[in-house]
Amino acid sequence: MRKIYNYILSAFFISSLVACDGQDEEIIHMQNQDPVVTVTSISDAVGYVGNEFTIYGTNFGIVANDVEVYVGNTKLQLISCEDEELTVKIPEGATAGRISVVVYGQRVDTQLMYDVLGVPGIRTVIPLYGFVGDEIKFNGHDLGVPSAHYKVLFSGKEESAAFMAEPEMESFSVKVPEGAQSGAITLTIADVPVNVSGQFTVLQHATVDKVQNTAGEDSNQGLAGCISVITGTNLKPELLESDIELPGTWKVEFLQGTEIIATGIVDMEQLSNEKITLKVPEMLTAGNYKIAVSTPFEEIKTRLDYTILPKPIVTGISKTEGYVNAEVVISGTDFGNKASDIEVKFGETVCEAPTFDKDGNIVVRVPAGLQAGANTLTLTIQGVTISMGEYGVFEVYDTPEITSIEGAYNFPYGILVKAGSNITIKGKNFGTDANAIAVMLGEEQIDIKGNVTADAISITVPSNFTSGKLLMKIQDVDVDIEGPELVMMPEDGDITQYVLKNSVQPFKGYGFEGKEWDREGLHDWKKTNIKNGGGLQYPNNITGTGRDPKGCIALHQWGQTQNYNGKMWQETSLPKGKYRVNLDGISLGRDDRNKGSVKAVFVVCRGTKVEDIPEYDNGTWREKQKGVEGEIVMEIGHLEDDNIVLDLVENMNDLIVSFVVWANSTAWASFTSVTVHLVE
């Protein structure tokens, strides 16, 4: 009842919209989601003119004016209408045909047939496809009328198709005429229309022209078991009636003379009107063949030449163990002459760009990323797996690796060294033979100092070194062992760029181009509890204002009542040593109209979170013992105190460089740079 109720409401609502139109008012058409109409069965399926029968289904509704029922092209008389049943009556002029139902504009065409007795009727047309000249048979009843009274029109033709013989009571046959097109067939007998169910497909004869490989290159030869592609036309015609059972299937046969030797496997998923993709039969032996192609509708007369190549045989391998990137030569016979047809895998990893040597053997390099140990070696040519026999396992050595540099200054953003200093390269699998190892700094080879161990090699940094990548070349290891980029320590000890980001002019910010202040703050600096609209701010190339045109680091409290313990910071690290941290361009200020005041400190402390940074408390700055275990604090405002000296007795990997500001009303603190120098 709910379906009927909803349908009534929908119909009533729409009729109400129409009824309300008037006085030049704009009509707004509203669409609702109609329920889906289904037709499930009919009872009975045969009868005479004047007989009634019932159609069963869902969502027919109860408004008879919105429902139409057809048999073929003939509209039936609707006797009664319920949501799941329609009763109709066969009118004069109706003939056999498929049932169609239209409910409120929604049309459902079915495969259900109703046969009207006592008048000519067509039950089936066999087949519903054919070439020009093919015989098409119409089956039905009451058809025994001389052919002169028939008119059978194929789409695109105005002349009746030619009969194969005079009609019989239950059948007649015609030829598909020249010029016929795919579409409906129209039939009249003695000028009376007779329904013909289904759409007829006029087939075009298929052709084949060449064979290709999977890369789309013309190639009429290949290995048994490879994938080939046959190109042509009309190989897979699209039938207008898709549920028709085909009379056959697609076949690709390999012949020698008239004998069929084997049949290829057609890939139905890749089949198209222009291509047939197939697997060449594995049982074929080397030799010349003819290819015969058949579609479900015909055997194509054209034959294509195809040569099965001799099966490749692996006879040896240059090495069965080695490092990553080692050259490996697979020797054998009949590998072909196209390197692009070859794939070699170590385990699941594919080698890059196989090549041939002068003897036609396959040359590859052991691919990077392999796990040390035994790896299965796989050779594929034209998609066919070739047996590696006793050469199918390759032992991959654990590749040497550089892990760290001792004696250098390892800063967060670079590794620095001093001329004449001794450094130790740490790693693994170096071996112990110094004569088998070459150490490079940039383009210069460096002498090795002392003994070599499997995990350590010592060298002295030359006096003329400036910068360069560290490399190790080890005999029998076919890939260079890469280390980090090394840079000479600056003479003035300024290591700022290797320790801090965005701490010197010109600064990088997040702000609004052309504006005086960048209210979103500096790149690379974190902030918390900084007032004034999000405010780590700095002038952006402003001239004529008394400010530095290159900008400054600034912590502002502009027009706010208070800003206690606002913080701005970034994390870094320093190895043990003595350092000086400098502040330049220190400026503290306030707006005397608001009698604001400001205090600020620059803090270097050990920690990993903002809570580790000390704060202003009850008029004084909390300051712990200076040194590695405590915080080191300096109050800003005294120009003679514009630097902090750090004497670190151990590596400090959890270091915070920060500013802390305490201000009320309108006040500020600013700086033009923060730099770090190595003292000793």
Side-chain angles (χ1 to χ4, degrees), residues 210-230 252-257 259-265 277-291 304-367 370 374-397 476 478:
K210 57 188 174 182
V211 185
Q212 296 180 333
N213 58 25
T214 54
E217 303 165 335
D218 293 353
S219 178
N220 63 347
Q221 61 181 16
L223 295 173
C226 75
I227 304 299
S228 289
V229 179
I230 297 172
V252 179
E253 296 171 323
F254 289 76
L255 293 77
Q256 286 185 326
E259 181 183 1
I260 299 173
I261 305 301
T263 301
I265 301 174
T277 301
L278 72 147
K279 182 177 182 180
V280 175
E282 296 179 358
M283 62 164 290
L284 293 177
T285 57
N288 297 321
Y289 296 82
K290 294 287 186 180
I291 292 179
L304 301 174
D305 292 322
Y306 196 85
T307 299
I308 298 295
L309 300 172
K311 189 170 184 177
I313 298 175
V314 174
T315 59
I317 191 168
S318 61
K319 59 178 67 176
T320 58
E321 56 186 22
Y323 290 101
V324 165
N325 204 44
E327 182 180 272
V328 177
V329 179
I330 302 172
S331 55
T333 59
D334 298 312
F335 290 151
N337 56 12
K338 290 186 63 178
S340 59
D341 286 342
I342 297 173
E343 179 184 86
V344 179
K345 294 199 301 184
F346 286 72
E348 296 301 318
T349 305
V350 178
C351 296
E352 293 185 3
T355 59
F356 294 109
D357 66 12
K358 62 183 179 60
D359 298 319
N361 298 316
I362 299 169
V363 182
V364 295
R365 290 192 176 274
V366 180
L370 292 177
N375 286 260
T376 301
L377 195 58
T378 306
L379 170 62
T380 304
I381 302 178
Q382 294 183 2
V384 179
T385 300
I386 308 302
S387 173
M388 290 295 299
E390 61 183 292
Y391 312 108
V393 176
F394 190 94
E395 185 78 16
V396 178
Y397 295 157
D476 294 330
D478 295 324

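Given the structure is predicted, the values throughout are model-derived calculations rather than measurements. These values consider heavy atoms only, across backbone and side chains, with no hydrogens, waters or symmetry-generated copies. Position 1 is the first residue of the sequence; numbering continues from there.
Side-chain atoms of Lys319 and Val328, non-hydrogen and from C-beta on, do get closer than 4.5 Å to each other. Ile330 places none of its side-chain heavy atoms less than 4.5 Å from the side chain of Tyr391. You'll find the side chain of Ile261 stays beyond 4.5 Å of the side chain of Pro281, heavy atoms only. At a threshold of 4.5 Å between non-hydrogen side-chain atoms, the residues Asp334 and Ile313 do not count as touching. Contact check for Asn325 versus Val366: no side-chain heavy atoms found under the 4.5 Å cut-off. Counting heavy atoms from C-beta outward, Ile362 and Phe356 have side chains that approach closer than 4.5 Å.
Although no hydrogens or angles enter the test, the distance criterion places a donor-acceptor pair under 3.5 Å between the side chain of Asn213 and the main chain of Ala215.
Tyr323 and Tyr397 have their aromatic ring centers within a separation under 6.0 angstrom.
Minimum heavy-atom separation, Glu395 to Ala374: OE1-N, 3.6 Å. When all heavy atoms are compared, the tightest approach of Ile342 to Pro354 is O-CG, 3.8 Å. The minimum heavy-atom distance linking Gly225 with Glu282 is given by the pair CA-CG, 3.7 Å. The two atoms that bring Ser331 and Asn361 nearest to each other are CA-OD1, 3.2 Å, heavy atoms only. For the pair Arg365 and Glu327, the tightest heavy-atom approach, listed with the atom from each and the gap, is NH1-N, 3.7 Å. Nearest approach of Leu379 to Phe335, heavy atoms of both residues: CD2-CE2, 4.3 Å.
For the atom pair CD1 of Ile260 and CG of Leu255, the computed distance is 5.5 Å after rounding to the nearest 0.5 Å. Put simply, CG on Asp359 and OG1 on Thr333 are 13.0 Å apart, with the number rounded to the nearest 0.5 Å. Of the inter-residue distances, the one linking Leu284 atom CG with Leu223 atom CG reads 11.5 Å to the nearest 0.5 angstrom. Separation of atoms CD1 (Ile230) and CG (Leu304) is listed at 6.0 Å; rounding is to 0.5 Å. Atoms OG1 and CE, from Thr263 and Met283 in turn, are 9.5 Å apart once rounded to the nearest 0.5 Å. Between the CG atom of Leu278 and the CD1 atom of Ile227 there is a distance of 7.0 Å, given to the nearest 0.5 Å.
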Query raised in the report: Taking it one step at a time, do Val280 and Tyr306 satisfy side-chain contact (heavy atoms from CB on, under 4.5 Å)?
Result: CA-CA 10 Å; Val280 175; Tyr306 196 85; 3.7 Å; yes

Query - side-chain contact (heavy atoms from CB on, under 4.5 Å) between Thr320 and Val393, worked out - result: CA-CA 7 Å; Thr320 58; Val393 176; over 6 Å; no

Query raised in the report: When you look at Thr285 and Ile308, which way does the side-chain contact (heavy atoms from CB on, under 4.5 Å) test go after all the steps?
Result: CA-CA 7 Å; Thr285 57; Ile308 298 295; over 6 Å; no

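Pairs engaging residues 340-353 under the salt bridge (Lys or Arg N to Asp or Glu O under 4.0 Å) rule: Lys345-Glu348 [sequence neighbours left out]. Note on residues 211-222: pairs passing salt bridge (Lys or Arg N to Asp or Glu O under 4.0 Å), not counting sequence neighbours, are Lys210-Asp218, Glu217-Lys338.
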